[in-house]
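Below is one structure, written out as structure tokens; the observations come after it.
Numbered from 1 within each chain, the chains take letters A, B, ... in sequence-line order. Treat the numbers as computed from the prediction; the structure is a model and nothing was measured.
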Amino acid sequence: MRQSGNKYIKNWDFTFQFAEHGQCNVTMTAVVGHITSLDFPAQFGWGKCNPGQLFGAPIVEKVPDDKRSVAQNIANEARGAAKLMIWTDCDREGEYIGWEILQAARQSNTALTEENTWRAQFSHLETQHVCHAAAHPVRLDRGAIDAVRARMEVDLRTGASFSRFLTEGMKRRLRGELNQEATLSYGLCQFPTLGFVCDRYTRVRLFVPEPFWYLELETRKERVKTVLSWARTRVFDRLVATVIFRQCMQLLFATVTHVATAPTSKWRPLPLTTVELQKNCARYFKMSGKAALDAAEQLYLKGFVSYPRTETDSFPRAMDLRKLVQRQTQSAVWGAYATELGNGKFSDPRVGKHDDKAHPPIHPVVFTDGSGLSASEKKVYEYIVRHFLACCSQDAKGSQTTVTLQWGPEKFSASGLTVLERNFLDVFPYVKWASSKVLPQFVHGEEVALSRAELKSGVTAPPQHMTEPELIALMDANGIGTDATIADHIEKVLAREYVVKVAARSGALFVPSELGMALVKGFDAMLEGVSLTKPFLRKELECDLGAVVAGRKTKDAVLATTVEKFRAVFAVCASKQAMLVASYREVIKENQ
DNA sequence: GCAAGGTC
């Protein structure tokens, strides 16, 4: 092992027998994410050109200062190499990073080309799997490389142009009204994130409560009171409710039309992904998604848990999960449960539908009793272990009885649950599933006397303000950001003071600031038929990038149409900038 | 001073 010029990177020399190339002298080294970043040449820097020019400006690849040692190490080690083999994550970004590595290597060795560069395909680090990857390399995937390059260009051009436009334009026109220190940024991910928060806020503010009416029945049998709810749930017309109620009231009995008892179960969780970890830490521990991810990363660097950024919700078949369960038996808290699993209660985890082809689900690797960990690291470690043990358990089993009564023309029902086997629930206290009161024995066709029949009324409740787990779920569902960046985008809209985090008894809530609300209202007012505050443009881009990967579209075609689309949107915004300013003053006035 | 993506 030799040190490199970067303290995180070591160079390892060994020999290896490759199936295709025979015995080779190998140097294995590493990078730390992307090596290069896109930027505009100096003459297109901030304040040096009209922001609208950035849609057509040249773009250059730059090695940022903190990556110079990484690029230099690749160049040093590649000198004299006959072949290059890429072992980065097997996802789109990993493919592009592989291409960046090839460019860095070519700085010292132009004999290296895409023709003698090989790509190992692997998604976890089991020995067998890694050896198979070494023996069956493929080529770098041009489609994936092109797709990432297109994404980078679109993000840069749109982000830089709109951010400069907003920061310069808004501050100049709102001198004395807007904080002159502020940076007003735009990004294809941060604006939809802001949009979700504003949308919810507006729905809460504009909510008009609506009265509704419903029928409720009660029977008393075997001295047990059973409350039955209406099959229609509720109606919003008082007259309709009254007419139905009068009709029913002529009958003093209801008839049992259906009674059934069926087994039911509460499913154990799917193998843990990053998004799920962040949502659940936010929900159960009131941690921010960012704090949860940071803690998980620390745990990973200390060797306690697997790689924390993954979208995969199924374990590789070859993984020895029982061994991982066994390591948890020494815990004073969940050790007994792990021991039970080892003694025959182990069950193969459920198989989810997501696979990022790069990492397995998050799981504990090494046991720790938590000493030496921070408070958040302890919480996150315990969550990861309990989630993993729950995955390797059986579903909870129960029995559900449902009874349906016919009262005149209307149907009513009640159900009772008996939990028979708790299984994973014993190690996973975050999920609640409890037996309800046992229903009395109803018999099909039986006429039941009613102890109470009521026409009740209620009022619809407003939606609640946005919570962090809800926001994370919305971003995930709409393709805003990735497992690794969702928390960053939330931090970004907070840092820009577009969104404010308000403490509440149930956990933090997100509401837009006046500035955030003004931007969303302003952009929505300026534009027709296209929205910068909704997730659709990002989704369209992701869809086009998928087409590039699949070879249905070329990078240049996607870039041409996407950049043109944003150039046109930018032109509209630039011509209607007064509307943004008006929107800001309007929001301020409304709040006074 | 700008994006979003990767990561110790």
* **Residue-phosphate contact under 4.0 Å: Thr482(A) side-chain N/O, dG6(B) OP1/OP2** => yes

* Asked: Thinking salt bridges, do Asp65(A) and Arg68(A) make one under a 4.0 Å N-O criterion?
  -> yes

* **Distance, rounded to the nearest Å, where Glu153(A) contributes CD and dA4(B) contributes P** => 16 Å

* Asked: Quick one: is dT7(B) close enough that its OP1 or OP2 comes under 4.0 Å of any side-chain N or O from Tyr307(A)?
  -> yes

* Asked: Which one, dA4(B), dC8(B), dG6(B), comes nearest to the side chain of Arg151(A)?
  -> dA4(B)

* Structure fact -> Of the candidates dG5(B), dT7(B), dG1(B), the side chain of Thr167(A) sits closest to dG1(B)

* Asked: Are Asp91(A) and Lys357(A) within salt-bridge range, i.e. N to O under 4.0 Å?
  -> no

* Structure fact -> Between Lys67(A) and Ser161(A), whichever has its closest DNA chain B nucleotide further toward 5' is Ser161(A)

* To do: Look at all strands and tell whether Gly481(A) reaches a base, only sugar-phosphate, or nothing, counting heavy atoms closer than 4.0 Å.
  => sugar-phosphate

* Sugar-phosphate only, base, or nothing, as touched by Thr88(A) at under 4.0 Å among non-hydrogen atoms -> nothing

* Run the salt-bridge test on Glu153(A) and Lys555(A) with the 4.0 Å N-O cut-off and return the result as yes or no. => no

* Rounded off to whole Å, could you give me the CG-to-P distance for the Asp483(A) and dG6(B) pair? => 6 Å

* To do: Using a 4.0 Å heavy-atom cut-off across all strands, classify Asp488(A) as base, sugar-phosphate, or nothing.
  => nothing

* Would you indicate which nucleotide in dG1(B), dC2(B), dG5(B) comes nearest to any side-chain atom of His489(A)? => dG5(B)

* To do: Starting from P on dA4(B), measure out to CZ on Phe566(A) and report it in whole angstrom.
  => 11 Å

* Starting at CD1 of Ile97(A) and ending at C1' of dG6(B), how long is that distance when rounded to a whole Å? -> 5 Å

* Asked: Rounded to whole angstrom units, what separation is found between the CG atom of Asp66(A) and the P atom of dG6(B)?
  -> 16 Å

* Asked: How long is the line joining CG of Leu545(A) and P of dA4(B), in whole Å?
  -> 14 Å

* To do: Take Glu542(A) and Ala160(A), find for each the nucleotide of DNA chain B with the closest heavy atom, and name the residue whose nucleotide sits nearer the 5' end.
  => Ala160(A)

* May I ask you to say what Tyr96(A) touches in the nucleic acid, namely base, sugar-phosphate or nothing, with a heavy-atom cut-off under 4.0 Å? => nothing

* **Salt bridge Glu468(A)-Lys279(A), side-chain N to carboxylate O under 4.0 Å** => no

* Identify whether any heavy atom of Ile9(A) sits under 4.0 Å from a base atom; if not, whether one sits that close to sugar-phosphate; answer base, sugar-phosphate or nothing. => nothing

* Per Thr485(A) side chain, nearest of listed nucleotides dC2(B), dC8(B), dG5(B) -> dG5(B)

* To do: Mind checking Tyr300(A) for me? I need base, sugar-phosphate or nothing, with any heavy atom below 4.0 Å counting as a touch.
  => sugar-phosphate

* Asked: Looking for any heavy atom pair under 4.0 Å, which part of the strands does Gln190(A) touch: base, sugar-phosphate only, or nothing?
  -> sugar-phosphate

* The side chain of Trp46(A) lies closest to which of these nucleotides: dT7(B), dA3(B), dG1(B)? -> dG1(B)

* Asked: Nearest to the side chain of Arg496(A) - dG6(B), dA3(B), dG1(B)?
  -> dA3(B)

* Structure fact -> To the nearest angstrom, the OH-C1' distance between Tyr186(A) and dA4(B) comes to 12 Å

* **Any Arg92(A) side-chain N or O less than 4.0 Å from OP1/OP2 of dA4(B)** => no

* Lys NZ or Arg CZ of Arg139(A) over Trp118(A) ring: under 6.0 Å, within 45° -> yes

* **Asp488(A) and Lys290(A) ion-paired at < 4.0 Å** => yes

* **Contact under 4.0 Å: Arg157(A) side-chain N or O vs dA3(B) OP1/OP2** => no

* What is the distance, rounded to the nearest whole Å, between atom CD of Glu100(A) and atom C1' of dG6(B)? -> 9 Å

* Asked: Could Arg151(A) and Glu542(A) be called an ion pair, given the rule that one side-chain N must be under 4.0 Å from one carboxylate O?
  -> no

* Using a cut-off of 4.0 Å on non-hydrogen atoms, how would the nucleic acid contact of Asp39(A) be classed: base, sugar-phosphate, or nothing? -> base

* Asked: For Arg149(A), which contact category applies under a 4.0 Å heavy-atom criterion: base, sugar-phosphate, or nothing?
  -> nothing

